[in-house]
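Each remark here refers to the structure printed beneath this line.
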Amino acid sequence: YLTFKFLNPLLATGYESPLQEEDLYDLRKENTPAYNYQILEQAWALEPQPGPQGEGGAFMWRVLMRMIWKPFTMCATLQMLSTLMRFASPLLLQQMVQLIETGESADAWHGYVIAISMLAASVVQTGFDVHYNYQMNVLGLRVRGGMMGKVFQKAMRLSEPAFQRVGIGKIVNLVQIDCMKFSW
């Protein structure tokens, strides 16, 4: 999981020939739009409905945060750890410069330890960055799936005159563009 090795068979298949639908992995249950729509509906039901004055944007953000707060907190932790690791290299570099300025050859092993530590810090920081990006993309996929289900359910409840007023273009725009913005 740390190195994304689970993708190797898929990448090898795609290298040999264009991928077909049967080559792809099935989505995990928690990544399916139907599952995320249910989670969104549960979060929606728990939030007090917005008043007639609006506040729809704040309501929607509260619903989404109720839906994704656990994985979002994990992503924030990964980003915090990555940021902390970004500070390690300059601090280690400062120690390396001080070591060079003293010029003591007996401390050469200390320089090697610092250099290896700088390399390790960079590798760990890259790992945190990659997993942060991966987890945020998965989270965006989940939010988008839930939102698309919500738009679809609302569109299905429209009466024929209301549907004519709104139009198919507006509904398609909501599903394709606006739900994608939530995933971003």
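All values reported here derive from a predicted model rather than from experimental measurement.
Taking the side chain as every heavy atom from C-beta outward, M148 and P33 never approach each other to under 4.5 Å. No side-chain heavy atom of T32 sits less than 4.5 Å from a side-chain heavy atom of Y37. For the pair K154 and R157, the minimum side-chain heavy-atom distance is below 4.5 Å. Looking only at side-chain heavy atoms (C-beta outward), L139 and M136 come within less than 4.5 Å of each other. Within the 4.5 Å cutoff, the side chain of Q95 has no heavy atoms near those of the L91 side chain. Contact of the T77 side chain with the M74 side chain is not registered, since no non-hydrogen atoms from C-beta on lie closer than 4.5 Å.
Distance alone, capped at 3.5 Å, places no donor-acceptor pair between the N31 side chain and the V138 backbone. Panel note: side chain S89, backbone R86; no donor-acceptor pair is recorded below 3.5 Å. At least one donor-acceptor pair closer than 3.5 Å links the side chain of S122 to the backbone N or O of M118. Of the possible donor and acceptor atoms, none in the side chain of D23 sits under 3.5 Å from a partner among the backbone N and O of L19. The backbone N or O of L2 lies less than 3.5 Å from a partner atom in the side chain of H131, making a donor-acceptor pair.
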Item to check | side-chain contact (heavy atoms from CB on, under 4.5 Å) between I68 and V143, intermediate numbers included | outcome: CA-CA 8 Å; I68 63 169; V143 168; 3.7 Å; yes
Next on the checklist: Does M85 form a side-chain contact (heavy atoms from CB on, under 4.5 Å) with L81? I'd like the steps, not just the answer.
Outcome noted: CA-CA 6 Å; M85 294 308 293; L81 292 171; 5.5 Å; no
Next on the checklist: What verdict does the side-chain contact (heavy atoms from CB on, under 4.5 Å) test give for T83 and M80, after you've listed the backbone C-alpha separation in whole Å, the side-chain angles of each residue and the deciding distance to 0.1 Å?
Outcome noted: CA-CA 5 Å; T83 302; M80 180 189 68; 5.7 Å; no
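A continuous path of Ile, Leu, Val, Met, Phe, Trp and Tyr side chains, each step under 4.5 Å between heavy atoms, connects L24 with Y134, placing both in one hydrophobic cluster. L11 and V130 fall within a single hydrophobic cluster, where Ile, Leu, Val, Met, Phe, Trp and Tyr are joined by side-chain heavy atoms under 4.5 Å apart, directly or via other members. Side-chain heavy atoms closer than 4.5 Å link hydrophobic residues (I, L, V, M, F, W, Y) into clusters, and following such links, even through other members, never connects L92 to L119. Hydrophobic clustering (side-chain heavy atoms under 4.5 Å, transitive across Ile, Leu, Val, Met, Phe, Trp, Tyr) keeps F152 apart from L40. One hydrophobic cluster, built from ILVMFWY side chains closer than 4.5 Å, holds both M147 and W61.
Taken to the nearest 0.5 Å, the CD atom of E47 stands 4.5 Å off from the CZ atom of R66. Here the OH atom belonging to Y35 is positioned 13.5 Å from the CG atom belonging to L27, to the nearest 0.5 angstrom. Here F59 contributes atom CZ and L64 contributes atom CG; the two are 9.5 Å apart, rounded to the nearest 0.5 Å. Within the model, atoms CE of M67 and CD of Q38 stand 11.0 Å from one another, a figure rounded to the nearest 0.5 Å. Atoms CZ and CG, from F128 and N133 in turn, are 13.5 Å apart once rounded to the nearest 0.5 Å. Between the CD atom of E41 and the CD1 atom of I39 there is a distance of 11.0 Å, given to the nearest 0.5 Å.
Side chains of E160 and Q164: a donor on one and an acceptor on the other come within 3.5 Å.
For F87, the CZ atom is loosely surrounded, since the number of other residues' heavy atoms within 6.0 Å does not exceed 12. Within a 6.0 Å sphere centred on CG of D26, heavy atoms belonging to other residues, nucleotides or ligands number 12 at most. The environment of Y15 atom OH is sparse: at most 12 non-hydrogen atoms of other residues, nucleotides or ligands sit within 6.0 angstrom. No more than 12 heavy atoms of other residues, nucleotides or ligands lie within 6.0 Å of CD in E21, so this atom counts as exposed by the packing criterion.
The minimum heavy-atom distance between M60 and W44, with the atom names listed, is SD-CZ3, 3.7 Å.
In summary, the aromatic rings of F6 and Y25 are positioned with their centroids too far apart to meet the 6.0 Å limit.
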